[in-house]
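One structure is given here, and the rest of the page talks about it.
Being a predicted model, the structure only gives us computed values, none of them experimental.
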Amino acid sequence: MNTKHIITALLALASTAGAANPPAPCGAVPTEQQIQWQRMEWYAFVHFGLNTYTNKEWGYGDEDPAMFNPTKFDADKIVSTFKQAGMKGMIYTAKHHDGFCLWQTKATKHNISQSPWKKGKGDVAREFSTACKNHGMRFGVYLSPWDRNCAEYGRPGYLKVYYKQIEELLTKYGNIFEIWFDGANGGDGFYGGAKERRNIGKADDYYKFADVVKLIRKLQPNCIIWGAAGRGDASWGGSEQGFVKYPYWNVINTENAANERHPRTLADTPDKSEKWLALEADTTINGSGWFWHPNQEGRVKSPQKLMDDVYMKSVGYGANLILNVAANRDGQLDPADVDALLRFGEARRQLLATDFAKGAKGKASNVRGNDAKNFGPEKLTDGDIESYWCTDDKVTTGEVELQLKKPATFDVVRVREQIRLGQRVQDFAIDAWVDGQWQTIDKEEAAGKSIGNQVMRRVQPTTTDKVRLRITKSRACPCISELSLLKMPDIASVTAPAVQDTGLAKGSWTSKKGAAAIDGKEDTMWHSDKCPASITVDMGQKQKIAAFSYTPRQDGTVKDMTDRYTLEVSANGKNWKKVSEGEFGNLRANPIEQRVDFSPVEARFFRFTATRSIEGSGSSAAEINIYPAK
């Protein structure tokens, strides 16, 4: 049943004698599939492909399919782990920017049939989709629009290839709950051997996303479309750190929908050109990158960090969370990642297990049409997300006072609007009856600026038997479906299970030009106005090394941020050997430390050369680390 039919049913239900009519929708409203998608809250991302074997984030497109051979791959075990953690589904990177397709496609020869895994008969997408079906989980696919392998990319001929891939994924693997179109488009690539840079101009014009959306709606009407130049149902949260900015509005002016970085602020008056475009926050459970990388076990995010810096700042702000847990070269999840995921999942379960407000009695400053049966304050605590307290049309402020069954101690308050009728509330406050008076307990910065699908506010620990919700500004009469009082579990002692490998000690290192890149401080950086530009480092003694890592500038700008490099080593500072060169992928969206392994070599000196920057004509590096051979 779609939203229009739901609203019609609500009107019919309230049309009995003495019942008040529900309010008209305010501004843009979500579709039924958007509503059900937002109620999922969180699900898994699985990056797994040729990059897993090359130790890259972005493959160039010339990688040999023979590398892909996950001899211990177990889709059922991976999906069951996600379900145990409390996730509702997973999205698989069926094709990343390197163009390698992890299913039996007829659109390109660069696919899993050319790998030795299962003698070329394997299909990772099918195994994941089957496992999801068996475990009652939803299955989605990531399909990169950018294809660094295809000779036709950047030309009209590529669209036939890409549309065919979309059609295959949406017709051969059952119900797809979400299809993910990455925003990285065009640049250097193999392109069938051309090895050149190709630009596509405006993505919406090249891919013809209007036609893509029509195709998807025809094949899978209930599939959430992520991206597609703002023509879909959901959009990027603005970072790859797993948070969205608050206050957050689901509605956006249509002309701004294609701009992923457009601030989600809202005018006081609903606009006819509004579009409901919900946000999805994405991040990795492991700080090493989206794909699995060697020696990553020390970088897993602790359950505490996942709760405080990710979940509460994504789902807690009303967005969905897609959390990446990458499979390794054997086709299994890293044990450290699994441990952190399951412990966080248990912490989340405990947080939501007890709602101290459930069943509380209430009184309101205004009830729509004096119809307490349909719109009274106790709709906030009846456990039904569809019911809601509402005021008369001309009443855009109001308050509800709740009397709990008994005193309770809580430190999280969750509030939801009935989003079927739009997002309305612009300012609200949460009070508790303490020491004989009302005290405002939400002290966070930007407290009470929007609600929408939901907002979870951390408040000072409070013990009381009486709370109050005050709506102080709203675009139309407020429609509030839930107020919950929750207690955060004690997870402060839960930390990552392994110690991060920090590389060689830098105490004896020296560099005439690059001291800021070896000082152990990510808030300082080596910077040059030129590119290419180099720094030479004397490590003080000869030692056997096998990897280095590069951390890009951390000051929030990409100007002069290095994304191509060479690394040379020397035993005496005179005779040099190049041990690595390549590209740091995805820095614009996710500027994290990137590690590169190479064949073990003895050296005292190394020379890092920035050969290209994302923007500008200069070079930079926040930190360079060197790792010993084991």
Side-chain angles (χ1 to χ4, degrees), residues 35-36 38-42 85-88 303 306-308 311-321 344-364 372 374-390 399-420 425 428-434 438-444 447-448 450-471 478-491:
I35 291 171
Q36 298 306 323
Q38 288 188 264
R39 290 177 182 174
M40 288 178 69
E41 290 197 358
W42 74 311
M87 290 173 152
K88 304 298 184 182
L306 289 170
M307 178 66 79
D308 294 343
Y311 183 79
M312 290 298 293
K313 294 180 180 178
S314 56
V315 175
Y317 287 167
N320 276 20
L321 169 64
F344 165 70
E346 174 60 19
R348 174 183 173 274
R349 187 197 65 77
Q350 291 181 23
L351 169 66
L352 303 177
T354 303
D355 178 3
F356 297 106
K358 190 172 183 179
K361 301 297 181 181
K363 60 181 181 179
N374 289 305
F375 303 111
E378 290 167 13
K379 298 299 180 182
L380 300 184
T381 61
D382 63 359
D384 182 359
I385 196 173
E386 297 295 356
S387 68
Y388 57 97
W389 162 65
C390 184
E399 62 183 54
V400 171
E401 180 181 315
L402 296 176
Q403 179 67 53
L404 308 186
K405 292 181 177 180
K406 60 181 180 180
T409 300
F410 58 90
D411 53 13
V412 175
V413 179
R414 180 171 66 183
V415 188
R416 296 181 186 269
E417 286 187 75
Q418 174 49 277
I419 59 174
R420 296 186 187 278
V425 176
F428 70 96
I430 302 162
D431 308 323
W433 186 259
V434 180
W438 288 111
Q439 295 183 12
T440 301
I441 56 175
D442 186 358
K443 301 295 186 180
E444 284 193 24
S450 69
I451 299 176
N453 178 52
Q454 71 173 311
V455 63
M456 300 173 73
R457 306 298 297 175
R458 295 292 292 267
V459 302
Q460 60 192 37
T462 302
T463 301
T464 186
D465 64 351
K466 194 157 52 177
V467 296
R468 182 174 67 181
L469 171 67
R470 287 183 290 121
I471 307 300
C479 301
I480 311 299
S481 64
E482 180 186 279
L483 188 150
S484 297
L485 304 177
L486 311 171
K487 182 73 171 65
M488 186 66 70
D490 181 14
I491 55 174

Looking at [X] and [Y], would you say the former's side chain and the latter's main chain have a donor-acceptor pair under 3.5 Å?
X    : Y    : value
Q454 : G316 : no
T464 : W433 : yes
Q418 : R420 : yes
D355 : S484 : no
E378 : A360 : no

task: Identify, with sequence neighbours excluded, every residue that meets salt bridge (Lys or Arg N to Asp or Glu O under 4.0 Å) alongside K487.
output: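 For K487, the residues satisfying salt bridge (Lys or Arg N to Asp or Glu O under 4.0 Å) (neighbours in sequence not counted) are D411.
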
- prompt: Mind checking what makes salt bridge (Lys or Arg N to Asp or Glu O under 4.0 Å) contact with E482, not counting sequence neighbours?
  reply: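 So E482 forms a salt bridge (Lys or Arg N to Asp or Glu O under 4.0 Å) with R414, R416.
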
- prompt: Does E399 come within less than 4.0 Å of K363, counting only side-chain N to carboxylate O?
  reply: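 Salt bridge flag = no for K363 with E399.
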
Lys/Arg N to Asp/Glu carboxylate O, R458 vs D442, below 4.0 Å: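 The answer is no: the pair does not qualify as a salt bridge.
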
field: Sole residue of K406, Q403, K405 in side-chain hydrogen bond (donor to acceptor under 3.5 Å, both in side chains) with D465
entry: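 Checked K406, Q403, K405 against D465; only one passes side-chain hydrogen bond (donor to acceptor under 3.5 Å, both in side chains): Q403.
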
message: For F410, give me all partners under ring-ring contact (aromatic ring centres under 6.0 Å, His included), at least two apart in sequence or on another chain.
response: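 Per chain and number, F410 pairs via ring-ring contact (aromatic ring centres under 6.0 Å, His included) with no residue.
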
message: Suppose we screen for side-chain hydrogen bond (donor to acceptor under 3.5 Å, both in side chains). Which residues come up paired with Q350, at least two apart in sequence or across chains?
response: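 Expected list: E346.
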
message: List the residues meeting side-chain contact (heavy atoms from CB on, under 4.5 Å) with A372, not counting sequence neighbours, and say none if there are none.
response: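 For A372, no residue satisfies side-chain contact (heavy atoms from CB on, under 4.5 Å) once neighbours in sequence are set aside.
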
message: List the residues meeting side-chain contact (heavy atoms from CB on, under 4.5 Å) with A364, not counting sequence neighbours, and say none if there are none.
response: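 If we apply the side-chain contact (heavy atoms from CB on, under 4.5 Å) test to A364, skipping adjacent residues, the hits are V367, P377, W389, V400.
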
